[in-house]
Amino acid sequence: VTARPDPLIHPIARLSICALLASGADWVEFAALRDAAGISDSVLSKQSRVLEEAGYLQVRKGAVGRRPRTWFRLTAAGRRAVADHLAWLVQLEASVSARTPVEVEDRVVGEDRAEPSCQLPAGVAAGESLPGVVEGGKRQKPLRKVDAVMM
Amino acid sequence: MDEAAGDPAALELLRVQRGRLADRLRLPWWYQAGAALVWAVVFAGPFTSRYLPRGMPTWPVFAAAAALACLLQWCLTRVTGIRLPFRNLRSPSPGRPVGIAILVIFLAVGETERLLIGGGLIAAAVAAAAVGVAAELACLQIALRVNRRELRGGGPA
């Protein structure tokens, strides 16, 4: 992988905003960007401010009647950063998809060979809780012994 | 905001989001009706220059058509929430062939009308103007489809 990721646009909300603005449109309105990215008003406001402060985003505020309208566009620096980051993602996807069939095959063969096990992980006594599992960025309820056996 | 985009599935998500943005780019009925009116006025040019009394200026009609075209574009931008970049015919872009087609149809129909009116074939000239309006509207639809494909694909090819 030769292209490099940009830590500023690495979070998915910021990447979505930048990638949508880099997709061929000149200016995109707040509501259109929010709906396309599937994020809330507050997330878009917060992340757009971060991108604007970094010099990646240009913001134009106006009003139609009493309704405020905010328009966004990428700056030249923002376009370069998004292009580099997307190139890195494409390379990452290509490398992962090139590796995946072998890994999947190995895992299937390994599972076939392994004996079915209902043993608890070492250090977990009966009735004790397992440590919480981080899934989708949120800490889940700690697993109990019965759940661990079922997994 | 800790969720990172290092996952290659992020690319698939971006494709879906671009598709959503591209789907907003649709022509409302009033835009098509307005565009038909603008082109009808433009193709009525050869008739007005020939049949209007001498000394009567035709430029107010064309100025009104240009103003209506600008107004339509402004309304479309407000409705869709997407403003596309302006590109002249010299800059290479996926929409360039359609832009050239619009120009060629405009020139060809205008010249055909002039020849037909000169030969006294008024009905044929009116038919040519109608065909010209239909062709320009078709080009408009194709241009929009090209823009949608460009948005979906993530930029100019």
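Chain naming here is simple, since letters A, B, ... match the order of the sequence lines and numbering starts at 1 in each. Being a predicted model, the structure only gives us computed values, none of them experimental.
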Region of B:Arg148 that comes under 4.5 Å of a non-hydrogen atom in chain A: neither
If I measure from the heavy atoms of chain A, does B:Thr80 come under 4.5 Å with its side chain, its backbone, both, or neither? backbone
Can you name the nearest heavy-atom pair linking B:Arg18 to A:Ser23, along with the distance? NE-CB, 3.9 Å
Do you know which two heavy atoms are closest between A:Ala25 and B:Pro85, and how far apart they sit? C-CD, 4.1 Å
Measure the [atom1]-[atom2] distance between [X] and [Y] for me, rounded to the nearest 0.5 Å.
X	Y	atom1	atom2	result
A:Leu20	B:Leu14	CG	CG	7.5 Å
A:Trp71	B:Thr77	CH2	OG1	6.0 Å
B:Arg78	A:Arg67	CZ	CZ	12.0 Å

Applying a strict under-4.5 Å side-chain criterion to I, L, V, M, F, W and Y, I'd like to know whether [X] and [Y] cluster together.
X	Y	value
B:Ile117	B:Val61	no
B:Val109	B:Phe106	yes
B:Leu27	B:Leu21	yes
A:Ile12	A:Trp88	yes
B:Trp74	B:Tyr31	no

Give a yes or no on whether B:Phe47 atom CZ has more than 12 heavy-atom contacts from other residues, nucleotides or ligands under 6.0 Å away. yes
B:Arg26: partners by salt bridge (Lys or Arg N to Asp or Glu O under 4.0 Å), with sequence neighbours left out: B:Asp23
Apply salt bridge (Lys or Arg N to Asp or Glu O under 4.0 Å) to A:Arg73 and list each qualifying residue two or more places apart in sequence or on a separate chain. A:Asp26
What residues of residues 27-34 of chain A sit under 4.5 Å from chain B when only non-hydrogen atoms are counted? A:Trp27, A:Val28, A:Glu29, A:Ala31, A:Ala32
Give the member of B:Gln17, B:Arg20, B:Arg24 that has the highest number of heavy-atom pairs under 4.5 Å with chain A. B:Gln17
Run through the side-chain heavy atoms of Ile, Leu, Val, Met, Phe, Trp and Tyr, join any pair under 4.5 Å, and report what else lands in B:Leu121's cluster. B:Leu116
